[in-house]
Amino acid sequence: MNLIDTTAATAAGAQVPVEIARAETLRAETRRSLAGLDRAGLAQALAEIGVSEREQRMRVAQLWHWIYLRGALSFDEMTNVGKGLREKLSVAYTLDRPEVVVEQVSNDGTRKWLLRLPPDIAGDKPHDVEMVYIPESDRGTLCVSSQVGCTLNCSFCHTGTQRLVRNLTSAEIVLQVMVARDRLGDYPGRDRAVGPGLPTEGDRLVTNIVFMGMGEPLYAYDSVAKSIEVLADGEGLGIGKRRITVSTSGVVPEIEKLGREVGPMLAISLHAVRDELRDELVPINKKYPLKVLLEACRTYPPASNAKRITFEYVMLKGVNDSPADAKALVKLLAGIPAKINLIPFNPWPGTKYECSDWETIEQFSDIVFRAGYSSPVRTPRGRDILAACGQLKSETEKLSARERLALRAMAAAAE
Ligand code: SAH
Ligand code: SF4
């Protein structure tokens with residue numbers, strides 16, 4: 001229902017039963033949230049309520065401070081903004097975040113939140129996305145999603161089996177970080193979360209962002225690029241670009257663009273050292289084969305020895321885990337400032353793959369280590385809450401209770 005229809009229905013409200021009138025009023029809630037917008041978006045919102053162009057700059061700076069640095073949840077908190085403008089803002093807008101539908105805390109401190117995103121365009125329906133917080137002693141990494149589902153069907157990935165796909169907006173990406181900070185009390189002056197596994201060093205709980213949740217970030221390029229500028233802004237959320245990593249399956253044209261225009265850290269989902277196998281595991285390889293992909297890495301503008309590219313390599317039993325594969329991997333990456341991240345495969349119901357044995361992973365890791373790459377195995381985190389890599393799947397395509405049990409049993413067996 002559009003705004004005009006709603007007004008008409010409300011105007012006729014005197015004749016309709018109270019419940020219906022109330023429902024219509026609720027449906028008429030059309031106030032947009034300002035949380036998640038970039039500076040241009042905030043300026044536009046101010047213009048829409050009559051703030052003059054001359055005043056906008058100062059007001060944007062104030063909103064920015066309250067929304068992103070202080071985590072304000074209402075306009076009333078904005079004490080240096082005049083009462084009149086605060087009232088105008090709250091009539092027209094909110095600072096709402098997406099609803100948290102489920103919160104789970106793993107016994108290792110990992111947290112997973114299921115967020116319900118309201119429709120972004122008329123006719124769309126709400127979508128659920130998951131995000132995962134992985135704490136370590138000196139940092140807290142938030143794994144965010146860039147799409148609902150994914151159009152690329154990597155054969156070992158659960159997200160790729162999801163039918164629904166839409167790009168998230170940049171605001172929806174930023175809001176994931178804001179919700180995590182809300183839930184962890186990670187704003188100055190808030191009650192900071194306490195619990196096992198949370199960082200003990202530094203004054204922030206969310207210090208790093210990885211685009212390793214649902215979706216292919218470089219297929220949602222505009223949203224991802226814009227969201228990184230908001231996240232990295234030193235006067236707001238302040239998560240520097242060196243602490244933001246975009247993981248891609250290898251959308252080559254966008255890799256160079258991302259480096260040149262935005263400049264975050266890069267991770268490549270490599271997973272195979274031969275085109276034949278990579279075509280099968282990561283089908284986008286047919287379009288952008290290894291040679292082209294590695295050339296894009298070699299010339300990635302921000303890469304240097306201090307800012308290495310991470311190569312992710314999922315360990316699949318009998319598929320890509322032989323000593324010969326490890327040697328070929330090292331050879332392939334020669335000349336690229338690289339880190340290698342070996343990821344134990346996280347199984348899901350219906351998959352044909354198994355995780356490599358622990359000895360095989362160690363052997364593989366030794367070869368890589370001897371070639372000069374340190375501590376490359378990624379420890380599985382949050383397996384008890386299905387939060388580990390590749391296990392993200394939104395509630396819109398809910399797993400059946402039986403599938404969940406099967407998944408838990410498989411994860412436990414793989415420990
Ligand atoms: N689409 C992007 C980012 C999301 S996937 C990409 O592919 O890089 C994040 C990482 O999890 C990728 O390296 C992906 O290959 C890996 N992954 C996917 N499914 C997995 C699984 N079942 N077990 C382990 N890692 C998985
Ligand atoms: Fe998509 Fe990444 Fe999963 Fe491949 S691994 S299907 S690109 S989310």
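Start at 1 and go down the list; that is how both ligands and their atoms are numbered. When a residue number appears, it is its place in the shown sequence, counting from 1.
The closest non-hydrogen atom to atom 24 (C) of ligand 1, taken over Ile284, Thr245, Thr248, Val314, comes from Val314. Of the candidates Glu312, Glu216, His271, Gln147, the one placing a heavy atom closest to atom 15 (O) of ligand 1 is His271. Considering each of Ser249, Gly215, Ser247, Cys150, the one bringing a non-hydrogen atom nearest atom 1 (N) of ligand 1 is Gly215.
Separation of atoms CE (Met265) and OG (Ser247) is listed at 13.0 Å; rounding is to 0.5 Å. A distance of 8.5 Å separates CG in Asp128 from CD in Glu130, rounded to the nearest 0.5 Å.
The main-chain N or O of Gly197 is never found under 3.5 Å from a side-chain atom of Asp108 such that the two would form a donor-acceptor pair. In this structure, Arg260 contributes its side chain and Pro301 its backbone to no donor-acceptor pair below 3.5 Å.
A salt bridge is defined here as a Lys NZ or Arg NE, NH1 or NH2 lying under 4.0 Å from an Asp or Glu carboxylate O, and Lys286 with Asp279 fails to meet this definition. Comment: Glu229 does not engage Lys226 in a salt bridge, judged by the lack of any side-chain N to carboxylate O separation of less than 4.0 angstrom. Using a cut-off of 4.0 Å between Lys/Arg side-chain N and Asp/Glu carboxylate O, Arg86 and Glu77 are scored as not salt-bridged.
Protein heavy atom in closest approach to atom 2 (Fe) of ligand 2: Gly215 O, 4.6 Å. In terms of protein heavy atoms, atom 3 (Fe) of ligand 2 is closest to Cys157 SG, 2.4 Å. For atom 6 (S) of ligand 2, the closest non-hydrogen atom on the protein side is Leu152 O, 2.7 Å. In terms of protein heavy-atom proximity, atom 4 (Fe) of ligand 2 is closest to Cys154 SG, 2.3 Å.
In terms of polar-atom proximity, Ser269 is counted as a contact of ligand 1, with an N or O under 3.5 Å from an N or O of the ligand. The N/O atoms of Cys157, backbone and side chain alike, include none that comes under 3.5 Å of an N/O atom in ligand 1. Remark: ligand 1 and Met212 share no N or O pair separated by less than 3.5 Å (distance only, no angle test).
Side-chain contact of Gln56 with Arg59: a donor-acceptor pair under 3.5 Å is absent, judged by distance alone. Checked by atom type, the side-chain pair Glu48/Gln44 shows a donor-acceptor distance below 3.5 Å.
Under the 4.0 angstrom criterion for non-hydrogen atoms, Gly213 is in contact with ligand 1.
None of the N, O or S atoms belonging to His158 lies under 2.8 Å away from atom 3 (Fe) of ligand 2. Coordination check, Cys150 versus atom 1 (Fe) of ligand 2: passed, since an N/O/S atom of the residue sits under 2.8 Å.
Annotation for ligand 2: atoms under 4.0 Å from non-hydrogen atoms of Ser249 are 7 (S).
By the criterion of a heavy-atom distance under 4.0 Å, the backbone of Phe211, and not its side chain, is placed next to ligand 1.
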